[in-house]
Structure formats: structure tokens, C-alpha cells
Amino acid sequence: MERKPAAAAALVVVVVVVLAAALFSVGEAAHPRRCVTSTYRRKHQASDDMPMDADVFAVPPGRNAPQQVHITLGDQTGTAMLVSWVTVEAEGNSTVLYGRAADRLDLAAEGTTTRYTFYNYTSGFIHHCTLTGLDHGTRYYYAMGFGDTVRTFWFTTPPPPGPGAPLRLGLIGDLGQTPDSNSTLTHYEQHPGDAVLFVGDLSYADKHPLHDNNRWDTWGRFSERSVAYQPWIWTAGNHEIDYAPEIGETVAFKPFSHRYPTPYRASDSSEPYWYSVKMGPAHIIVLSSYSAFGKYTPQWKWLEQELKRVDRETTPWLFISAHVPWYNSNNFHFMEGEPTRVQFEQMAVDARVDIVFAGHVHAYERSHRYSNIKYNITDGKCTPVADRRAPVYIVIGDGGNIEGLADELTWPQPAYSAFREYSYGHAVLDIKNHTHAHYAWYRNHDGNKVTADTTWFTNRYHMPNHDDSVYSNTAYV
Ligand SMILES: *[C@@H]1O[C@H](CO)[C@@H](O)[C@H](O)[C@H]1NC(C)=O
Ligand SMILES: *[C@@H]1O[C@H](CO)[C@@H](O)[C@H](O)[C@H]1NC(C)=O
Ligand SMILES: *[C@@H]1O[C@H](CO)[C@@H](O)[C@H](O)[C@H]1NC(C)=O
Ligand SMILES: *[C@@H]1O[C@H](CO)[C@@H](O)[C@H](O)[C@H]1NC(C)=O
Ligand SMILES: *[C@@H]1O[C@H](CO)[C@@H](O)[C@H](O)[C@H]1NC(C)=O
Ligand SMILES: [Fe+2]
């Protein structure tokens, strides 16, 4: 009789020890990783672009008023801001006045003007002006349109590179200009970030006859309400290529490069389509899925050098943005990212990249930390495996565009896929400090903004062995 409690206690101890061993000693297999395919299905809706006379495309009032105002960083860290806008009636004035108060624009910068033609379309006067000498983390007001109609906007520069400051990063991709695009932007504006990392495919003008470039103009007017007030970091997508030899247009990226310049020289890049920026605690590397990326090409060489320049003590968070996903379990664009994955994945794992963002697939998907870098052509082995050194892959190509949703998943859901859903929406990454970032994906739920996938990411440099898949908290209807 006396011995029974002792025996029970011993049994409990054994069970606890065995469980603990199971949990803590087998490493990667310790935590069961959930693979969730959301059951939410949006109501069927047409994906046509908003009509040319939609309110969001209205031309601002006033003679030759600046329109399509947008900003992006003008140098690597945001002590310069690159302001762009279009005037249609006349070239007008390319000067931007700026300062710390709307009524005290005591600084001036002189811009440049460009135009381009595309088949029988001629663009308006496209102005680009870099505001320099800015302080970090500071609100500036800026105005342009002198001599005609002056318009005034404002932005806040990013915090200086450093591990301390928090950063809130909006994540939007494949936005287009449909009613769904408008919902996505509206939902993002309800709690906007400090900047948007845009993963490619802006206007989808190329879906219209002759790549109707008026649709680049409408997209510029539609997106102005956000991108005139905070920098969007641009990634080139396939709908930016605008390669149309059938109508004599053979210069890739012509409309995009005239309208959306990037600060690529500041990161020693030779082309606008791959470059890096540093905002507060984040070092963001933008790659081009549609520029040569094989070994020894300019992009490959630049990335190799750029990864050496990353300093995780100063910028603990390291991200890559590339339009085509390396991990995607949707039938749409299935395996299109394989060449880039094969070329860059080992580099990303070695560099302990925290997250790789992509778009292209018009759906949402978040991966567990997986890698597939063991491939060896002589033994043929090639299987993605759980790997805490590896990035998380996020596909956020769900802005809401004219092509509609990518609504065919592959089955079974692969083990690397943590959450997937074909809806429209956007995400926000809230970097809290050098070790933790909170992440949330917001679905456009029949017109409403609904939090549908949230998790915490721990930093791959400062907490390299931590299994952050334990935080995954998906609320799938
Ligand atoms: C360009 O050509 C198309 C097709 O012929 C025509 O519909 C359109 O009006 C033309 N646009 C201009 C600006 O001439
Ligand atoms: C443009 O406007 C600014 C601000 O009013 C003025 O200083 C500058 O002289 C103007 N430039 C031209 C070319 O008119
Ligand atoms: C777009 O959304 C805004 C709200 O953010 C609304 O005011 C506007 O009417 C919408 N336009 C269209 C064409 O849906
Ligand atoms: C490839 O794998 C085979 C079989 O495991 C091994 O014998 C060979 O050494 C590997 N080759 C390289 C270059 O690692
Ligand atoms: C970083 O942020 C996380 C989440 O807010 C918090 O739990 C943690 O204590 C913070 N770490 C430091 C060093 O402040
Ligand atoms: Fe795309």
C-alpha cells in the first residue's frame, strides 16, 4: 500500500522524461508543424478593372495639376526621398519645395522630366526629383506644380539603420486596379505601415489592348492616396516587362522604368531592378525574377557582394523580395520559381535570411522554415526538409487584379506549407525589436478586413536555433 504512490510518481517521472526527450532532443521533429488549407471561399465576383471614370481615377482639379504622385527612397536609408509625378497639359515645373512644416517649405530640389511613347500612346511629362539632406524619422512636407496648380503632401522618413527602432512594413503584391484592389488598399490604409514592400505587378496595363498605357496613368492616380505619403519599395513583376514585339515595343520594362525609378546606385547595383534598402532594423534586398540571374551575371554577382555587406548587428532583419515565389503549392505558376530557387536558395540559407517575400501567384501562402539545398545531380536526391536556418517564404500576390484568383491548389498540401488560401488581401510585418517580429495577413472578407493568419517570427541571426513555427496561429474561418 505504501509503495503505490511512489510507483505512480516514478511512472509520472518516466513519462515526463520520455515526453521531454521527445520534445527537446529530436530537434526539427519536436513540434508538429500544422499545414492548414483555409476553408474560406469568397463570393464569386468579376475581376474587371474599375471603369475609367471611377472616382479613384479622377484627375486632380486645377490647370496642369501634378498627378500620380509617388515616392520611394532616394538613397539606401531614407535621408533622400525620390518624388515622381506626371503633368499632362504642359511640362510645367520640376522643382519640389520641402520642409518640416507645410507653411515653411524652405528647401528646394530641382527635378528632371522624361516622356516615352508606347505604340500610339505618348506619356505625359514624368517628373522625378530627389529630395536630399533629410533627417531620419522626421515628418517632411513637400509641394510641386509651381506656376500652375500647387499640390502639397507629406511623408515621414524611416528611422536610421539600427536594431532599436520598430518598423511596420506593409506587404502588397499584384495589386492591379479592380474593386478588389481598392478594398486591399483601403484595408491597408486603416492601419498603414511606415513603408510598403511591393512584390511586383502594379497596373496590369498589359492586359488591355496594345498594353493601353492609360492604365498606367489610372493606376498612378489610384495608388497616389498611399504612395504619395509613404515610400513604396518596388519589385519588378512580369506585368512590368511590357515586351510587345507584335506592336514594335521591344524594350523591356519601358513604362515601369520611366515611371517608377529605384535608388539602385546607392547599393552599388548596375540596374534598377535589383538593389537594397535599409530602414531601421531591416535590410531589404530586392531581386528581379526577369533579369539574368545565372552564376556570374551582374545580378548574381551583386547579390553575392551585397550579402557580404549585410551587418545583422545594425540591421538584424534580412528580407528578400522577388516576384516569382521559390516555394508555392498552387497550380498557378507551379515551379516557375525553380530556376531562381536553385540559383539563390543556398545563398539565402547561408545568409540566414529571415523571410523571402514573393507575389505572382494570386493567392496567399506562408511556409514553415524549409530548405531544399541538398540536391546533387549524381544521386538525384531533392526533398525540402525542415531547416531552422532557412527563411520563411511568403506569397502575397493577392492584391486583387484583373486576372482573378489562383484557385487551384496542389494536393496533398506539402509539409513546408504552413497556411494557404486563395483570397485577396495584404499583410503587415511589425518588427518589435532585434529578436521578434509580429506578422499578420488580412483577408478581404466580402468587403471587410479580417485577420486570417498571424504568427511571430524570431530573428535568424539573433535566435538562430529557435523554432518559431510554434507561434503559428491561423484563424481559418
Ligand atoms: C491607338 O490605336 C488604337 C487601335 O487602333 C485606337 O483605338 C486608339 O484610339 C489609338 N490611340 C491613339 C492615342 O491614337
Ligand atoms: C519652379 O518653381 C520654383 C518655386 O516657385 C521657382 O523657384 C523656379 O524658378 C521655377 N522654375 C521654373 C523653371 O520656372
Ligand atoms: C474605393 O475605395 C474608397 C474607400 O477607400 C471609396 O471611397 C471609393 O468610392 C472606392 N471606389 C471604387 C470605384 O470602388
Ligand atoms: C553526390 O551524392 C553521391 C551519393 O550520395 C556522393 O557519392 C557524391 O560524392 C555527391 N557529389 C558531390 C559533388 O557532393
Ligand atoms: C522583443 O519583443 C518581444 C515581443 O514584444 C518581447 O517578448 C521581448 O521581450 C522583446 N525583447 C527585448 C530584448 O526587448
Ligand atoms: Fe506576376
Side-chain angles (χ1 to χ4, degrees), residues 52 62-66 69 83-99 102-131 140-153 159 162-169 205-218 242 244 246-249 254-255 280-282 312-317 354 428-440 454-464 466-468 470-473:
M52 294 299 279
R63 181 182 179 275
N64 204 35
V69 178
V83 178
S84 305
W85 71 97
V86 175
T87 52
V88 172
E89 293 162 54
E91 178 166 350
N93 182 320
S94 284
T95 298
V96 173
L97 297 184
Y98 59 109
D103 56 3
R104 225 191 59 211
L105 305 178
D106 46 9
L107 299 163
E110 192 59 48
T112 58
T113 307
T114 184
R115 303 185 87 167
Y116 71 91
T117 58
F118 197 93
Y119 187 60
N120 65 353
Y121 167 93
T122 303
S123 76
F125 300 91
I126 304 172
H127 307 265
H128 301 298
C129 182
T130 302
L131 318 188
Y140 286 92
Y141 295 81
Y142 67 102
M144 78 288 280
F146 303 101
D148 294 309
T149 301
V150 177
R151 294 183 71 203
T152 304
F153 303 86
L167 185 78
R168 187 174 159 88
L169 205 52
D206 61 349
K207 299 300 288 186
H208 293 270
L210 305 170
H211 294 222
D212 186 358
N213 273 233
N214 292 297
R215 282 291 179 179
W216 275 104
D217 293 312
T218 53
D242 279 309
E246 67 281 9
I247 53 173
E249 292 297 344
K254 195 192 210 182
R312 302 293 280 275
E313 297 294 336
T314 308
T315 50
W317 295 91
D354 290 295
V428 169
L429 183 71
D430 252 309
I431 301 176
K432 303 290 187 190
N433 54 38
H434 66 290
T435 56
H436 285 71
H438 184 260
Y439 169 83
T454 63
T455 194
W456 285 89
F457 294 121
T458 52
N459 188 275
R460 285 308 94 185
Y461 177 80
H462 289 285
M463 294 177 71
H466 183 255
D467 181 4
D468 50 5
V470 295
Y471 296 123
S472 182
N473 176 23

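Remember, it's 1-based here, ligands and their atoms both numbered in the order they're listed. Count residues from 1 along the sequence. These values consider heavy atoms only, across backbone and side chains, with no hydrogens, waters or symmetry-generated copies.
To the nearest 0.5 angstrom, Asp242 atom CG is 8.5 Å from Glu249 atom CD.
Aromatic ring centres of Phe118 and His211 lie closer together than 6.0 Å. You'll find the ring centres of Tyr471 and His466 inside the 6.0 Å limit.
Atom 2 (O) of ligand 5 is approached by the protein to below 4.0 angstrom, counting heavy atoms only. Within 4.0 Å of atom 14 (O) of ligand 1, at least one protein heavy atom is present. Protein heavy atoms are absent from the 4.0 Å sphere centred on atom 7 (O) of ligand 2.
Inter-residue side-chain proximity for Trp85 and Val96 is flagged as met; some heavy-atom pair is nearer than 4.5 Å. Using a 4.5 Å heavy-atom cutoff, the side chains of Asn459 and Arg312 are in contact.
Considering only non-hydrogen protein atoms, atom 10 (C) of ligand 5 sits nearest to Asn433 ND2, 2.4 Å. Ranking the protein heavy atoms by distance from atom 4 (C) of ligand 2 puts Phe146 CG, 3.7 Å first.
Less than 4.0 angstrom separates some heavy atom of Asn120 from each of these atoms of ligand 1: 1 (C), 2 (O), 3 (C), 8 (C), 10 (C), 11 (N), 12 (C), 13 (C), 14 (O). Short contacts between ligand 5 and Trp456, defined as distances under 4.0 Å to a heavy atom of the residue, involve ligand atoms 4 (C), 5 (O). Those atoms of ligand 1 with a heavy atom of Leu210 less than 4.0 angstrom away are 2 (O), 3 (C), 4 (C).
Ion pairing between a basic and an acidic side chain is recognised when a charged N comes within 4.0 Å of a carboxylate O; Arg168 and Asp430 show such pairing.
By the 3.5 Å distance cut-off applied to N or O atoms, His434 is not counted among the residues near ligand 5. Ligand 2 has a nitrogen or oxygen under 3.5 angstrom from a nitrogen or oxygen of Asn93.
Relative orientation of the His438 and Trp456 rings is perpendicular, given thresholds of 30° and 60° on the angle between their planes.
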